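Scroll down for the structure; my scribbles are underneath it.
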Amino acid sequence: MHTELLIGIDIGTQGVKTSLFTLEGLCLQSTFSPSKLYQPRPGVTEEDPEFQLASVCKGIRKCLEQSAVSNPKVVCLAIDGQMAGIIGVGADGLAVTPYDSWLDTRCTPYIKMLKAEAETEILCKTGNTPSFNHGPKKLWWLHEHPEIYRKITKFVQPGSYAAMRLCGLKGKAGFIDQTYLHFSGFADNKKAVWDRALVEHFNLDMDKLPEIVSSTKIIGETTPEMTRDCGLAEPTLVAAGCGDTAASFLSCGAVREGICVDVAGTASVFAATVSDFAYDRAEQVMGCGASATAGLWHPYAYINGGGMNLEWFIEKVLGRDKHDSARFNDLQYNRLKPSPTDPLFIPHMAGRVTPAMPELRGTFAGLTWNHTKTDMFMAIIESVALEYGIYASALKGMYPQLKLKETRITGGGAASQIWKEIKSAVLQTPMTAISQAHGAPIGSAILAGCAAGIFSSTQEATDKWITLKDSVYAPATLYAHYTDRVSRYKKLIEHLDTFYSI
């Protein structure tokens, strides 16, 4: 008798995580394969799409081998992946470009071009301003490497590419699900279609844009070769999947209005869950992306590599193992002692994503001889919360009637009690961790279950699979202090953007 299973795969910045689940939501096995980022010079960050694919195959095989399940039958699998970067795929379905990462900043001139010529139109249609995402990157390939651009049949993302390769799809079958469209630069997000006027204005080829599909669409089944490489017993259904951030939101059970999410990982992400599409005309901070749950939207913003700042400070400044960040935080600062004289840190080491400030860089401000390395470390932690304060303010401008019920936190930062307390004080919501520490893969597995008919909806699936831990509440006495800190932090960013842009 077969044991029916679901697989969720996350192609993240740090690596590929694969998790094997029972239909009841029990994680039987997880594996992780580190990424290989190619960064030969400042501004360049690429990955090999075939290495990502190999990591996916290895992860599936290891999960099945190490789970000790007799007669496993994988009903369906889904892959989520990094969202704001692109891969150019040729007619044969193979990559003709490396993965042009969301951390790659070479497209900066084309961000400026899009902003100068169509910023408001792009914001209104996609729900996001031009930044280090698909639109400027496609223009970069068009203008900087026209010989390669001509070979591209479709532009896709890592999750789509790996799924296509598993199913042996050709380039013309390239697809993208709606959760990515706010990064596209050229889509009418609310209608889930490509906007021909924008595409033609910037001389892109319409036929190079992938088909827009539902995240629960079955796009094929694994080829015989891939079935063997992955250690699967038989050809397996593959769902379209979604962006890694959208999968993280789903893994937190953000499937009802008012639930916020903090993805405390490589990219520090804050999001809300709402029932209507809107765009942030006033602040141009929040992007509005489609949820993997039909009919819902996630207005959100993120710090480009926010979680990497902790590793940088631990490794390069303290000279310690970079994975020691959480322990250093909680051991050295076992209670909050905020002061108006605490230094501020700007966490945008590689430029700010939204609103786009490509030249902005990481900065400490307000240091005195009395400050210590611990104070500097706490400033790095606090900076993420202060940035979230700006996001929450912009969110209220977009949805004046929206009531934030709680913020659910996932990722490595969920282990830090101090960090959760600071964020709670800034956002004025409880911070609630998730019992299942599986992150994005559980969201992808839920989509696989929906695609295969195991669940009727993501709400049904998360109600069954997702459980919560105790919440952290900051004392209300801290609210005024952090309201002032957010205001000062915002003014500092605005001044520094002018400084770095000179």
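Fair warning: this is a prediction, and the values are worked out from it, not measured in the lab. All values below were derived from every heavy atom in this structure, side-chain atoms included, with hydrogens, water molecules and symmetry-related copies excluded.
In this model, no donor atom of one side chain and acceptor atom of the other lie less than 3.5 Å apart for Y279 and H182. Under 3.5 Å, the side chains of S55 and S33 contain no donor-acceptor pair of N or O atoms. At a cut-off of 3.5 Å, with distance as the only test, a side-chain donor of T227 or T222 sits close to an acceptor on the other residue. Side chains of S131 and N133: no donor on one and acceptor on the other come within 3.5 Å. A donor and an acceptor atom, one from each side chain of Q14 and S35, are nowhere located under 3.5 Å apart. Counting only N and O atoms by type, the side chains of S444 and D80 include a donor and acceptor under 3.5 Å apart. In summary, the side chains of E494 and Y489 do not present any donor paired with an acceptor at a separation below 3.5 Å, with no hydrogens or angles considered. Residues E47 and Q52 have side chains that bring a donor and an acceptor to within less than 3.5 angstrom of each other.
Ion pairing of D195 with K125 is present here, as a side-chain N (NZ or NE/NH1/NH2) and a carboxylate O approach within less than 4.0 Å. With respect to the salt-bridge test (charged N to carboxylate O, under 4.0 angstrom), the residues R165 and E50 qualify. Between E311 and R320 there is no salt bridge, since no side-chain N of the basic residue sits under 4.0 Å from a carboxylate O of the acidic one. Ion pairing between a basic and an acidic side chain is recognised when a charged N comes within 4.0 Å of a carboxylate O; K73 and E234 show such pairing.
Judged purely by atom type and a 3.5 angstrom limit, S160 has no side-chain atom pairing as donor or acceptor with the backbone of V156. One N or O on the side chain of T108 and one on the backbone of T105 form a donor-acceptor pair closer than 3.5 Å. Of the possible polar contacts, one joining the K17 side chain to the H438 backbone as a donor-acceptor pair under 3.5 Å is found. Panel note: side chain S393, backbone I390; no donor-acceptor pair is recorded below 3.5 Å. Although no hydrogens or angles enter the test, the distance criterion places a donor-acceptor pair under 3.5 Å between the side chain of K154 and the main chain of L209. Remark: the backbone N or O of V269 is paired with a side-chain donor or acceptor of Y388 at under 3.5 angstrom. Between the D205 side chain and the D207 main chain, no donor and acceptor come within less than 3.5 Å of each other. Judged by distance alone, with hydrogens and angles left aside, the side-chain atoms of W194 form a donor-acceptor pair with the main-chain N or O of P210 at under 3.5 Å. Distance alone, capped at 3.5 Å, places no donor-acceptor pair between the Q157 side chain and the M83 backbone. Under the 3.5 Å distance criterion, the side-chain polar atoms of K190 are left unmatched by any main-chain donor or acceptor of A278.
Here the closest non-hydrogen pair linking T410 and G439 is OG1-CA, 4.1 Å. Residue S251 comes nearest to A440 through the heavy atom pair OG-N, 4.3 Å, listed as atom of the first residue, atom of the second, then distance. Listed here is the closest heavy atom pair of F51 and P34: CE2-O, 3.6 Å. Looking at every heavy atom in both residues, A192 comes nearest to L181 through CA-CD1, 4.0 Å.
Within a 6.0 Å sphere centred on CZ of R361, heavy atoms belonging to other residues, nucleotides or ligands number more than 12. For K115, the NZ atom is densely surrounded, since the number of other residues' heavy atoms within 6.0 Å is greater than 12. Within 6.0 Å of atom OH in Y38, 12 or fewer heavy atoms from other residues, nucleotides or ligands are found, so the atom counts as exposed in its surroundings.
Residue M164 forms a side chain to side chain contact (heavy atoms under 4.5 Å, CB included) with just one option from L53, L169, I87, and that option is L169.
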ring-ring contact (aromatic ring centres under 6.0 Å, His included) between Y391 and Y302: does it pass, once the steps are laid out? CA-CA 9 Å; Y391 301 167; Y302 62 93; 8.6 Å; no

Apply salt bridge (charged side-chain N to carboxylate O under 4.0 Å, His left out) to residues E144 and K137 and explain how you reach the verdict. CA-CA 10 Å; E144 306 296 329; K137 290 179 179 296; over 6 Å; no

Test side chain to side chain donor-acceptor pair (under 3.5 Å) applied to T45 and S101, step by step: CA-CA 6 Å; T45 303; S101 171; 5.3 Å; no

Please determine whether side chain to side chain donor-acceptor pair (under 3.5 Å) holds for the pair T126 and N128, giving the CA-CA distance in whole Å, both sets of side-chain angles, and the decisive distance to 0.1 Å. CA-CA 5 Å; T126 69; N128 202 16; over 6 Å; no

Determine, step by step, whether T129 and I122 satisfy the side-chain contact (heavy atoms from CB on, under 4.5 Å) criterion, reporting the C-alpha distance in whole Å, the side-chain angles of both residues, the deciding distance to 0.1 Å, and the verdict. CA-CA 6 Å; T129 58; I122 291 170; over 6 Å; no

Set out, in order, the CA-CA distance, both residues' side-chain angles and the distance that settles side-chain contact (heavy atoms from CB on, under 4.5 Å) for L64 and L20, then state yes or no. CA-CA 8 Å; L64 291 168; L20 182 69; 4.2 Å; yes

Assess whether side-chain contact (heavy atoms from CB on, under 4.5 Å) is satisfied between T273 and V255, documenting all intermediate values. CA-CA 7 Å; T273 308; V255 295; over 6 Å; no

Would you sort out whether H134 and F186 count as a ring-ring contact (aromatic ring centres under 6.0 Å, His included), showing the intermediate values? CA-CA 9 Å; H134 309 171; F186 301 107; 9.7 Å; no

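The SG atom of C63 sits 9.0 Å away from atom CG of L28, with the distance rounded to the nearest 0.5 Å. Put simply, CG on L198 and OG on S184 are 8.5 Å apart, with the number rounded to the nearest 0.5 Å. Remark: H495 NE2 to Y500 OH distance equals 14.0 Å, nearest 0.5 Å. Atom CG in L447 sits 10.5 Å away from atom CZ in F455 (nearest 0.5 Å). Atom CH2 of W141 and atom CD1 of I148 lie 4.5 Å apart (nearest 0.5 Å). The distance from atom CD1 of I79 to atom OG1 of T18, rounded to the nearest 0.5 Å, is 8.5 Å.
At least one test fails for K138 against the ring of Y149: distance under 6.0 Å to the centre or angle within 45° of the axis.
The side-chain heavy atoms of V56 and I11, taken from C-beta on, include a pair separated by under 4.5 Å. Between V44 and D104 the shortest side-chain heavy-atom distance falls below 4.5 Å. A 4.5 Å side-chain heavy-atom check between I60 and I7 finds at least one atom pair inside the cut-off. Here the side chains of F21 and I446 are not in contact, with every heavy-atom distance at 4.5 Å or above. In this structure, the side chains of R41 and R106 come closer than 4.5 Å at one or more pairs of heavy atoms. At least one side-chain heavy atom of N309 sits less than 4.5 Å from a side-chain heavy atom of F345. Put simply, the side chain of L114 does not reach to within 4.5 Å of the side chain of E119, judged on heavy atoms. Contact check for D48 versus Y99: no side-chain heavy atoms found under the 4.5 Å cut-off.
Remark: aromatic rings of F277 and W297 are close, center separation under 6.0 Å.
A perpendicular orientation is assigned to the rings of Y300 and F249, their planes being inclined by more than 60° (bins at 30° and 60°).
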What pairs of donor and acceptor atoms, side-chain ones from residues 352-360 against any protein atom, are under 3.5 angstrom apart with sequence neighbours left out?
residue	atom	partner	partner atom	Å
R352	NE	E387	OE2	3.1
R352	NH2	E387	OE2	3.1
T354	OG1	V285	O	2.6
E359	OE2	K112	NZ	3.0

